Amino acid sequence: MIKLATFLPTYFNNNGDQGNIEVLAKQLEWRGVQYSVTSNELKDSDFLLVGDGSRAVMREFKSELAAITDVVAERLSSGKATLLVGSAHEFFCSRLPGLPELKYAPRVSENRQVSSGGLRVFGYRNNEIDNDLFIEQAFISTSLFGPILAKNENLLNIVLTSMGVTTELPAVHQSRLAPVLQGVRSKALGS
Amino acid sequence: MISILAVAVGRIVRFIIRIFRRGGGSAFPGTVASSIAPNLLSDAIRSARKGLVVVSGSSGKSSTTQVLVALLRAHGYKVFTNPSTANIKQGLYAAILQFGDYRGHIDADFVVMEWDEGHGAALVESLQPRLAVLTNVYSDQLDRFVDPELVVEKLKKIYDHSDHAVINVDDKNLTQFVNPEKITGFGLSPSIQPRPSYAINFGPEPKVEPSVEVSKLGERSLQVRVPERLLSFETKADAPHQALNLAASIAAVSKLIEPDWDLVEKTVSNLPPVFARDEIASVRGKEVRFLLCLNPTSFTHSLSEISDRTSPLMIMAGSDISDPSWLWTVDFSKLRHVDVVGGKNAYDLALRLMYQDVQVDRIILEADKAADAFLELSGPSPTVLFTADAMRRTRRYLGFAK
């Protein structure tokens with residue numbers, strides 16, 4: 001049974017980031033792989049999502065975020081499947097050695113394609129953090145919001161492989177999704 | 001003199017644009033006019049005899065403005081207002097070009113304007129409204145406003161520069177910054193559920209009693225309590241967030257004039273729906289239901305208004321959505337299939353639907369082609385859900401716009 005964990009999903013869902021959990025859950029369901037979703041047992045999960053929170057949420061849950069720093073650090077060192085988004089990306093980059101030192105730039109609100117370690121990923125950026133993407137094995141930290149795993153098959157496959165999923169996506173779903181993904185990419189990147 | 005020139009040039013630009021873009025609104029003539037005569041808007045507003053009323057907030061601006069204008073007109077007042085699609089600075093100037101005289105002056109008792117939060121905050125210092133109606137703060141349009149707290153700052157600025165304010169006292173994003181002596185409150189009775197999901201706020205919840213309270217919601221009816229009596233309305237806008245818009249309008253009109261409450265009841269009950277806000281219109285011989293979805297809240301409400309057997313169904317996500325990520329905060333799982341997914345963001349919407357196991361038959365980006373494909377389908381309950389941009393394009397194509 002694969003365990004998908006998400007940190008305080010009601011609050012850390014500023015830009016639909018919790019959609020990434022839905023994507024993984026549905027991908028597993030389509031493949032016939034058993035899974036569960038938890039927001040309590042973060043430590044031993046196969047995947048951990050910490051989404052973006054508003055300013056009010058970040059103030060309110062600062063100590064709760066700090067309390068999972070060790071969990072996140074352990075996942076970083078082992079390259080375990082993890083996705084930190086937006087303000088969570090900013091929070092942990094400023095605390096965890098091994099994550100990139102934060103750089104800031106004038107705010108950007110646009111779809112953009114970025115790369116890390118030879119991997120190209122696209123998504124929507126809407127902040128001043130100029131470190132768009134960090135990937136170490138299956139540990140992902142990014143300033144790109146929203147359902148990034150839905151839009152980027154390469155990123156999704158890294159996460160699924162890291163969780164030990166070997167079953168192929170049934171052809172019926174592949175053929176449904178492929179043209180839609182191409183359309184999403186073309187619209188976002190204008191190509 | 002400069003105003004006369006600005007109005008003349010702006011109207012010529014507007015005329016030329018409409019030759020090439022029939023039925024389409026444009027704020028560009030307003031941009032031209034404002035660059036020639038920056039005071040055109042403030043001069044026009046000053047020419048109104050009873051001053052400026054503004055309506056702002058994340059959601060509910062158009063409906064609140066529409067009802068308030070109707071109530072004032074029903075009481076015999078002349079009201080100048082801006083079309084709901086022209087609530088940014090350039091659009092306000094464009095409205096003056098369209099409805100003002102050759103100097104840009106307007107013959108009105110009241111000016112009632114719907115203001116975009118950002119543009120309103122930039123305009124308010126120079127225009128000094130007599131009354132500001134502030135509806136709510138949602139986690140919405142984050143690509144523009146970044147964080148709800150920045151929306152609160154903008155609404156507070158509008159509040160600070162207005163003589164008096166009508167405030168949604170259910171939303172503590174608003175009540176946290178107001179002086180109770182400077183406001184007239186409106187809200188929902190504690191028994192009414194579900195409550196709208198305002199922007200997350202962990203701060204204090206100041207208790208401000210509403211002067212106007214929605215006391216009961218029924219099927220196509222609602223009741224609103226004002227200090228003088230209980231008002232009853234027949235209306236399709238019977239969801240909590242829609243009832244709040246009505247309460248806001250009633251609170252505002254009670255602050256501006258001495259209302260005839262019987263006339264208020266009659267006027268509201270007879271109001272036609274704003275286009276596409278749950279309107280049924282005859283199109284090519286079919287009775288088509290149109291539901292406008294501006295944000296996650298109204299999308300969720302519109303979905304609650306249809307069934308999983310609604311057919312044919314078209315959902316459109318237009319170019320007004322800069323980042324379609326928020327579509328993933330809307331639960332579409334009650335749907336079985338959507339016949340046509342349309343609009344500039346159709347692929348993003350289709351992706352969202354597919355991950356909720358909703359069957360998508362066709363994806364068509366262009367509004368005109370999507371409308372044609374949809375109208376060819378047969379079924380008992382043709383229904384369209386669309387965002388504002390898709391609504392404007394579809395409306396223009398189907399001939400609803402002049």
Side-chain angles (χ1 to χ4, degrees), chain A residues 8-27 29-30 51-61 85-87 107-111 123-128 144-151 172-173 176-188, chain B residues 137-153 172-173 176 197-203 296 299 317-319 321-333 341-365:
Chain A
L8 295 173
T10 305
Y11 299 112
F12 287 81
N13 191 25
N14 223 15
N15 293 275
D17 298 333
Q18 295 300 323
N20 291 295
I21 291 288
E22 287 187 63
V23 169
L24 288 174
K26 193 56 74 177
Q27 286 280 342
E29 182 188 317
W30 286 337
D52 178 57
S54 67
R55 292 178 182 185
V57 164
M58 291 304 287
R59 278 196 305 273
E60 183 72 10
F61 295 109
V85 185
S87 52
R107 185 165 71 93
V108 170
S109 300
E110 65 178 21
N111 280 296
Y124 195 85
R125 177 173 147 191
N126 184 31
N127 57 24
E128 296 85 6
L144 303 180
F145 295 104
I148 191 171
L149 296 181
K151 297 177 184 174
V172 62
H173 297 297
R176 269 186 339 127
L177 286 172
V180 175
L181 281 173
Q182 181 56 43
V184 170
R185 171 178 287 276
S186 298
K187 186 257 166 187
Chain B
V137 180
Y138 287 136
S139 181
D140 186 27
Q141 294 194 65
L142 296 178
D143 55 293
R144 284 185 63 207
F145 296 122
V146 184
D147 193 276
E149 289 187 354
L150 300 181
V151 176
V152 172
E153 282 179 17
K172 66 178 176 178
N173 292 295
Q176 282 172 356
S197 300
Y198 302 116
I200 293 171
N201 181 323
F202 297 98
F299 231 124
S319 63
I321 305 177
S322 297
D323 175 16
S325 296
W326 66 257
L327 292 169
W328 288 73
T329 66
V330 180
D331 184 2
F332 294 92
S333 60
V341 173
K344 297 284 184 193
N345 281 298
Y347 282 110
D348 282 89
L349 175 56
L351 187 64
R352 168 60 177 151
L353 291 166
M354 286 177 175
Y355 269 104
Q356 291 204 299
D357 282 333
V358 180
Q359 184 189 323
V360 173
D361 288 356
R362 298 186 67 181
I363 300 169
I364 305 173
L365 271 62

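Keep in mind it's a predicted model, so treat the numbers as computed, not measured. So you know, we letter chains A, B, ... as the sequences are listed, proteins then strands, and number each from 1.
Remark: the backbone N or O of B:S325 is not paired with any side-chain donor or acceptor of A:N15 at under 3.5 angstrom. Not a single donor-acceptor pair under 3.5 Å links the side chain of A:K187 to the backbone N or O of B:Y347. For A:N20 (side chain) and A:G146 (main-chain N/O), a donor-acceptor pair under 3.5 Å exists by modelled atom type. No donor-acceptor pair under 3.5 Å is formed between the side chain of A:N126 and the backbone N or O of A:S109.
Proximity to chain B (any heavy atom under 4.5 Å) is shown, for A:I148, by neither the backbone nor the side chain. For chain A, the nearby part of B:S139 is the side chain; its heavy atoms alone come within less than 4.5 Å. Interface residue B:L351: backbone and side-chain heavy atoms are both found under 4.5 Å from chain A. Residue A:E110 does not touch chain B at all, counting heavy-atom pairs closer than 4.5 Å. Proximity to chain B (any heavy atom under 4.5 Å) is restricted, for A:N111, to the side chain, taken from C-beta onward. The part of A:R59 that comes within reach of chain B is its side chain, from C-beta onward, which places non-hydrogen atoms under 4.5 angstrom from that chain. Contact annotation for B:R144: only backbone heavy atoms (N, CA, C, O) come within less than 4.5 Å of a heavy atom of chain A.
A search for side chain to side chain contact (heavy atoms under 4.5 Å, CB included) contacts involving B:V146 returns A:R107, B:L150, not counting sequence neighbours. For A:E128, there are no salt bridge (Lys or Arg N to Asp or Glu O under 4.0 Å) partners, not counting sequence neighbours.
Of the listed residues A:V23, A:D17, A:T10, the one with more heavy-atom pairs under 4.5 angstrom with chain B than any other is A:V23. Of all the listed residues (B:N345, B:D357, B:V360, B:L365), the one sharing the greatest number of non-hydrogen pairs under 4.5 Å with chain A is B:D357. Of the listed residues A:G123, A:G19, A:A25, A:G53, the one with more heavy-atom pairs under 4.5 angstrom with chain B than any other is A:G19. Chain A forms more heavy-atom pairs under 4.5 Å with one residue of B:D147, B:L327, B:T329 than with any other, namely B:D147.
Here the two rings, on A:W30 and B:Y355, have centers that are under 6.0 Å apart.
Between B:Y198 and B:Y138, the ring-plane angle classifies as parallel under the 30° and 60° cut-offs.
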